[in-house]
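Scroll down for the structure; my scribbles are underneath it.
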Amino acid sequence: DTVREDTGSIRFDYHIGDKDTLMFRYNINDSLTTNTYGTAQGQVSPQALRTQLAKLDETHIFSSTLLNEFSVAVNRFYSNTESDTGTPYFSIGSFFVNLGALPGANSFNQINANTLPEIFDNVTKTAGSHTLNLGAQIRTNRLNTWLQPIESYDYYSFQSLETNSPFVLQKQGTPAFIGNADSNWDVYGQDDWRINRKVAVNLGLRYDYNTTWNVGHGDQRQFIYATQTFGPAGQSAYSAPMTDFAPRVGFSWDPYGQGKTVIHGYGGLFYMPMQPSPNTLADNMPANATISDNLFDALFGNPPFSISYPTPNPPLLAGEQNVFIFPANPHDPYSTNWLFGVQQEIAQGTVLTVNYTGNKVQHTQAGVAFQGVNLNPSNPNPNVNRPLAAKGIPYQNENYMPNGLFSNYNAMQVQLRRNAKQLQLEANYSWSHEIDDEVNVFAGFEDPFNPKLDRGDGDWDTRQIGRASCRERV
């Protein structure tokens, strides 16, 4: 395996006059990682990745108390995990027996090409002891993904391989790119208020409006669980939330007015736009559905059909399609953040800071990491003692993508800093605990009808972290 990475950046500053300044910058990171995933011919995946950012800033000074900052930016992301085996992609696998090194492509041959243009404007006004900021931000998100079609043939013995009689044929992927798109419209106001030499307060309010995610060219449809039918192709699956108001407050208090003791804190809401699950609504279209046919399906089909290699267009049989359900009136995930702490100079050049901080994230999405709630499990957990959600229906897994999950984080943070001539010494320690009811990628909930049973320590629950550093000024 080999790795190549190249990074470049350029910045241009232009002073137009006493009141106007322009700045342009461009960053690029380009890499190629060659991954060998098998010993058969061509089983190499050259994984390409490129990220780019172009940004133009203009700053205009109206007066000594009024300033405007305007910027336009474009983010680009491209990745490609194609195999070198050539197309159409196929893979040969086995179960129950080791058939040795088998030919075929990697499982996920995917191209991502995302473009995110953005406009931002901020006005700063100073009036007495107040510094006011008013601003707006508009971003469009264009996420284009192509999981290229691949046929996977699983053989159960050497004889079945020799006679080209697989037990299972699975086909996944889409005929072309799937384009998910939405936009974010945000406005905010903030007041930094220096009440007196001991007390400062920060007050803010932000409003976020995130439009509905939709798939380009109408290549989507919602599955309606109550009626076990599909909605019209191209129709939006849900209504965008309209009440994402996020108030925030912070304070700093120097009780003795000597600059040696500071009590500080903040609290506020922070909304996080919903993200589309990979091709969720597009997968409800038959052309994009994953197909899985086995030997019995082929032999007893009406009419019978073949699953021998090559079978580029296996049939999507009744009762085998996986469907996806998006809530009709979801909430954007949001985090309630808080902090309270004390900063104290304990000796000349030595400052000790102790903080209690935490956050609670609510309305986290299920399904973004492939762990949707299956409302029609074919093999329900026997400990759950629940029947199937529906019987005798022409679909297989009915994956619900709710946003009712949560995570909760609390931490104590201690920092000690000391400046000793040319040396800057720093030591940090934190004790934290994170709890959530989310599950791992590709995992399932213990009870799909009650995800709260999966409440427990989170994957990123790291109880104790300590580190120290020393820097010398020369």
Side-chain angles (χ1 to χ4, degrees), residues 1-35 44-64 66-82 84 109-126 131 133-146 177-188 190 192 206 208 210-211 216 270 272-273 275-276 422 424 426 469-474:
D1 295 352
T2 61
V3 177
R4 174 192 60 78
E5 183 171 10
D6 299 301
T7 300
S9 63
I10 185 173
R11 173 168 172 157
F12 176 73
D13 291 280
Y14 180 50
H15 190 66
I16 301 174
D18 293 338
K19 295 187 176 182
D20 291 282
T21 303
L22 269 179
M23 187 277 289
F24 172 79
R25 68 184 174 114
Y26 172 74
N27 299 331
I28 183 172
N29 182 275
D30 186 272
S31 65
L32 179 65
T33 302
T34 303
N35 175 40
V44 175
S45 177
Q47 300 177 7
L49 174 66
R50 173 178 289 182
T51 59
Q52 301 175 82
L53 168 65
K55 186 176 183 181
L56 178 67
D57 289 329
E58 198 278 336
T59 302
H60 179 74
I61 301 174
F62 290 95
S63 68
S64 60
L66 185 60
L67 174 75
N68 186 79
E69 299 167 283
F70 175 80
S71 67
V72 179
V74 178
N75 272 288
R76 294 270 296 171
F77 174 87
Y78 173 84
S79 66
N80 189 336
T81 60
E82 291 181 312
D84 272 351
N109 302 278
Q110 184 165 297
I111 302 174
N112 297 298
N114 304 336
T115 303
L116 291 81
E118 178 181 298
I119 297 175
F120 172 80
D121 190 74
N122 179 81
V123 178
T124 302
K125 172 65 177 177
T126 302
T131 300
N133 285 277
L134 299 173
Q137 185 176 21
I138 302 172
R139 180 191 302 110
T140 60
N141 305 288
R142 301 292 181 265
L143 312 181
N144 299 290
T145 301
W146 186 15
F177 275 96
I178 300 296
N180 287 284
D182 89 326
S183 58
N184 313 124
W185 301 74
D186 311 321
V187 294
Y188 64 88
Q190 178 180 304
D192 292 313
R206 183 182 180 97
D208 299 335
N210 307 303
T211 64
F270 297 82
M272 297 164 284
Q275 297 298 318
Q422 281 76 32
Q424 293 179 326
E426 183 176 307
S469 65
C470 176
R471 291 183 294 175
E472 182 180 8
R473 293 193 299 267
V474 296

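Since the model is a prediction, treat every value here as computed from it, not as a measurement. Along the sequence shown, residues carry numbers from 1.
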Contact between [X] and [Y] at the side-chain level, heavy atoms closer than 4.5 Å - yes or no?
X: Asn75; Y: Glu118; result: no
X: Arg50; Y: Gln52; result: yes
X: Glu69; Y: Asp57; result: no
X: Asp208; Y: Asn184; result: no
X: Trp146; Y: Asn109; result: no
X: Phe70; Y: Ile119; result: yes
X: Phe177; Y: Ile111; result: yes
X: Thr34; Y: Arg4; result: no

Side chain of [X], backbone of [Y]: donor and acceptor closer than 3.5 Å?
X: Asn68; Y: His60; value: no
X: Thr115; Y: Arg142; value: no
X: Thr21; Y: Thr59; value: no

[X] [atom1] to [Y] [atom2] distance, which is reported to the nearest 0.5 Å:
X: Lys125; Y: Ser63; atom1: NZ; atom2: OG; result: 5.0 Å
X: Asn80; Y: Leu32; atom1: CG; atom2: CG; result: 9.5 Å
X: Ile61; Y: Asp18; atom1: CD1; atom2: CG; result: 8.5 Å

Between [X] and [Y]: side-chain donor-acceptor atoms closer than 3.5 Å:
X: Thr51; Y: Asn29; result: no
X: Asn122; Y: Tyr188; result: yes
X: Ser183; Y: Thr211; result: yes

Audit row: Asn180, Asn141, side chain to side chain contact (heavy atoms under 4.5 Å, CB included) steps and yes/no: CA-CA 8 Å; Asn180 287 284; Asn141 305 288; over 6 Å; no
Which pair of heavy atoms, one from [X] and one from [Y], lies closest together, and at what distance?
X: Asn114; Y: Asn144; value: OD1-N, 3.2 Å
X: Pro46; Y: Glu82; value: CD-O, 3.2 Å
X: Phe62; Y: Lys19; value: O-NZ, 3.9 Å

Geometric class of the Tyr14/Phe12 ring pair [parallel <30°, tilted 30-60°, perpendicular >60°]: parallel
Stepwise side chain to side chain contact (heavy atoms under 4.5 Å, CB included) test for Gln137 and Arg139: CA-CA 7 Å; Gln137 185 176 21; Arg139 180 191 302 110; 3.3 Å; yes
Enclosure of Asp13 CG (heavy-atom neighbours >12, cutoff 6.0 Å): yes
